[in-house]
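Here is the structure we will look at.
Every heavy atom of this structure was used, including side-chain atoms; hydrogens, water molecules and symmetry mates were not. Start at 1 and go down the list; that is how both ligands and their atoms are numbered. In this chain, residues are counted from 1 in sequence order.
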Amino acid sequence: MGLLALGTALEWPEAKKRADQVREWGIKQLLEIWNKAKGKERDAMLWGDEVEYLVVTYSKEEEKVLLSLRQAQILEALAADKELAKEGCVPALLDGPVEKPKSHPLPVFHPEFGRFMLEATPGKPWGIGFKELLDVEPDMKLRRKIAKEHMLSKEHPITLTTFPQIGVPGQFTDPYYPPSGSKLRSQFVPDEIANPHIRFPTLAANIRWRRGRKVQVNVPVFHDKNTPTPWKDPTVNYDLHNWPEDDDVRNGAAPDDFIHMDAMAFGMGSCCLQITFQAKNITEGRQMYDQLSPLGPIMLALTAATPIYKGFLANTDVRWNQISRAVDCRTPEELGEKPLKNDRWRIPKSRYASNSTYISTDPRLRPEYMDPDLVIDPKIKAKLMEGGMDDLLATHFAHLFIRDPIVVFEEDLQELDLNKTDHFENIQSTNWQHMRFKPPPAENNIGWRVEFRPMEIQVTDFENAAFSVFMVLVTRAMLSFDLNFYIPIKKVDENMERAHGVDAVLKERFYFRRNLFPLRPSRANTAFGEESRPGSAMPSRSGSPGLPVDDEYAEMSIDEIINGSADGGFPGLIPIVESYLDSVNVDVETRCQLATYLSLISKRASGELDTTARWIRNFVAAHPRYKHDSVIDDAITHDLIGAVIAIGERESAGKNFAGLGIHGLPRLLGRFRGGCGQDPMTNGEDGDGDLVAL
Ligand code: ADP
Ligand code: MG
Ligand code: MG
Ligand code: MG
Ligand code: MG
Ligand code: MG
């Protein structure tokens, strides 16, 4: 997350008055980028991952696990060492079995929304070579190790999506701060939980202010055998009178059978795994954006890792909708709760939501795939088209630009600088969709990029590397075979909802295109003959291969989508990736390592290996303190976090998990590196199971 320069952040009533100016300047900056970069060609096929961490304070002896709020100090310590690194002192960081990948700069650490979070990326993006894919896992392990070395001994970076006890009554942060500050006005979390950079508290406060009430992050509780029905969230206080927003719960914000949360931190405090790809040119970038979009919900369900909120088991497995609600700035008019009077339109989705547009100039993009209810700002679209942008891309940005900027700095509104992208990014980077189309930044030599954002973070770096590498391979196969994943974008929305269910990976079916290999209609016959001609890029019917759209897709299990259907009618993404790897030159060692990653994905899809969410649920169910009442108490949290820390530490110490036969750990980790001459059950360094000595 890039930080805007410091300045005077406007409170919402003032910021709102400047919204049109920000949008207008943002559009001018966008057109400037567009005109400069639309013809950019032959950019390298680079990519990069982002791993996010929670920082917890944990010790074996103390039952309470806390979120450490020392993000700033940890980042300062890391930055200081980076200076050392420049002077050639890096090896001090690097003793032990985790090695710095050859010829790759040290990882980079970034701040995040939560003051208990960190983000780490590779020191520079990964290149096109297959061998480089083998550097990803060691690099991720190195990041964890470096992060840990810059923390206190009781602090640990862990890759769980959410902290199980965030927002529970009593202490859950280190140090303790009482809740109910002026920015978040949450009855559960203190303002100090957010990164103190003015941008973050302002973002949270202005979202609340714009909405006219606090955000409502309600997630259905999981009804276990001793969970009362109806269930009333016992942590909700109906008698607070500090802020006007304390009325929210008295006005029905906390319905029965839902875990009630009321602040941005409950969503934006979640960790995810993101992948950014650079395309060779804008056309390929637009293609990647569209083709990866239908894979979003599938990868969300496959990486499911979020079964607990605020000390209770939830009846959903992923973080997505909770983040969506945690930053939903829509007013009652926009939500359709009141007739439109002051606002411009009804808006069906939060600014954090699955994508609503396709943007490719691919003739296989049929008009039927588009969202018929898409809300756009027609004036912005007209300006973009007057500036030379084609209809489809202008539509995309005119959709993003229906949103108000939330954080506006007074100083930035004095003079428009067309060499910057700040106003454009203000809107663009607060539209948190599951795909992001990233235009080249103003100054440097970066190309058109596409970001894949739905995946949940995994406990181990083996898993995080596996999912990252899988997405790279799917993308390469897609480009190489010109695969067609299009389904109507509304079906992608529906899939996103389905991905939330408990064990959705096994229990749900998802809309997916039946035939990924149809012919492209010839370009000459379509409206795409001249790609950048204004107004020429709406998909035309001549792009249709003839089938009714509804016959192009079917409901499939994730096992079928990933591994192929039993009757052979659908090939499956992994077999497609395998045939792509067959078609290129990959040495045996690399291929073998890639096979361990593909095996993890394959077994997750088939159910042979558990998702992280399932593993956590099983861990809780088996815990002696769990009363089957959906409550995750201090002891369960302590042991769960203890297990997660131990897994991470042992992994970065180079240990192999195969053979650890308790609590389903091997099933979670999927450390069956079979197929390369090793017996997965005997190659582990030990099998004594002391890892989760509870
Ligand atoms: P954001 O937080 O806005 O998504 P980051 O600056 O954290 O973006 O970078 C996201 C990822 O993109 C990182 O892994 C980084 O290495 C990678 N990246 C940076 N430049 C490029 C590029 N030109 N092509 C592809 N990936 C890139
Ligand atoms: Mg991030
Ligand atoms: Mg980032
Ligand atoms: Mg950034
Ligand atoms: Mg990102
Ligand atoms: Mg041992």
Side-chain angles (χ1 to χ4, degrees), residues 1-4 46-55 71-72 74-75 78-79 105 107-126 136 139-140 143-144 147 157-163 193-195 197 199-200 203-204 264-279 285 288-289 292-293 296 299-300 303 305-306 319-320 322-324 326-327 351-355 400 421 425-441 444 446-458 464 467-468 471-472 475:
M1 208 182 246
L3 290 183
L4 297 180
L46 305 175
W47 71 280
D49 62 274
E50 295 167 77
V51 172
E52 292 172 345
Y53 307 82
L54 304 173
V55 183
Q71 180 193 80
I74 294 166
L75 285 171
L78 284 160
V108 183
F109 291 85
H110 313 264
E112 256 298 333
F113 174 82
R115 214 166 126 195
F116 50 85
M117 297 170 81
L118 286 179
E119 181 185 293
T121 56
K124 69 169 200 228
W126 305 108
V136 176
D139 192 78
M140 288 178 174
R143 292 177 217 172
R144 196 182 292 267
I158 60 170
T159 41
L160 279 182
T161 50
T162 50
F163 182 62
I193 200 151
N195 183 324
H197 186 292
R199 172 182 158 79
F200 297 96
L203 190 58
M264 186 164 166
F266 287 105
M268 283 295 181
S270 323
C271 299
C272 67
L273 173 66
Q274 297 173 334
I275 314 290
T276 295
F277 300 98
Q278 179 163 286
M288 285 161 90
Y289 178 91
L292 294 181
S293 191
M299 298 312 293
L300 179 62
T303 54
T306 318
R319 76 199 189 289
W320 190 264
Q322 282 68 255
I323 310 182
S324 174
V327 291
R351 58 200 297 153
Y352 187 111
S354 52
N355 288 58
L400 299 188
T421 56
E425 284 294 342
N426 193 334
I427 307 280
Q428 155 100 343
S429 67
T430 55
N431 268 276
W432 298 279
Q433 302 191 334
H434 80 277
M435 303 293 309
R436 184 176 283 159
F437 186 57
K438 295 174 165 177
N444 45 31
I446 294 177
W448 294 89
R449 288 150 306 145
V450 170
E451 185 181 22
F452 186 75
R453 304 163 44 82
M455 292 194 286
E456 307 233 310
I457 200 71
Q458 306 294 294
N464 289 317
F467 280 102
S468 304
M471 284 313 300
V472 172
T475 303

### Query
Is a side-chain N or O of Arg449 found less than 3.5 angstrom from the main chain of Ala279, in a donor-acceptor match?
no
Nearest heavy-atom approach of Pro454 to His434 is CD-O, 3.4 Å
Tell me whether the Mg ion (ligand 5) has Thr276 as a neighbour, meaning an N, O or S atom of it below 2.8 Å. no
Among the N/O/S atoms of Glu119, the Mg ion (ligand 3) lies closest to OE2
At the Mg ion (ligand 2), OE2 of Glu112 and OE2 of Glu52 open up to roughly (10° bins) 90°
Quiz item: Is the closest side-chain heavy-atom distance between Thr475 and Phe452 below 4.5 Å?
Solution: no
Between Glu451 atom OE2 and Glu50 atom OE1, the angle centred on the Mg ion (ligand 5) rounds (to 10°) to 140°
- request: Mark yes or no for whether Asn355, through its side chain, and Met435, through its backbone, hold a donor-acceptor pair below 3.5 Å.
  value: yes
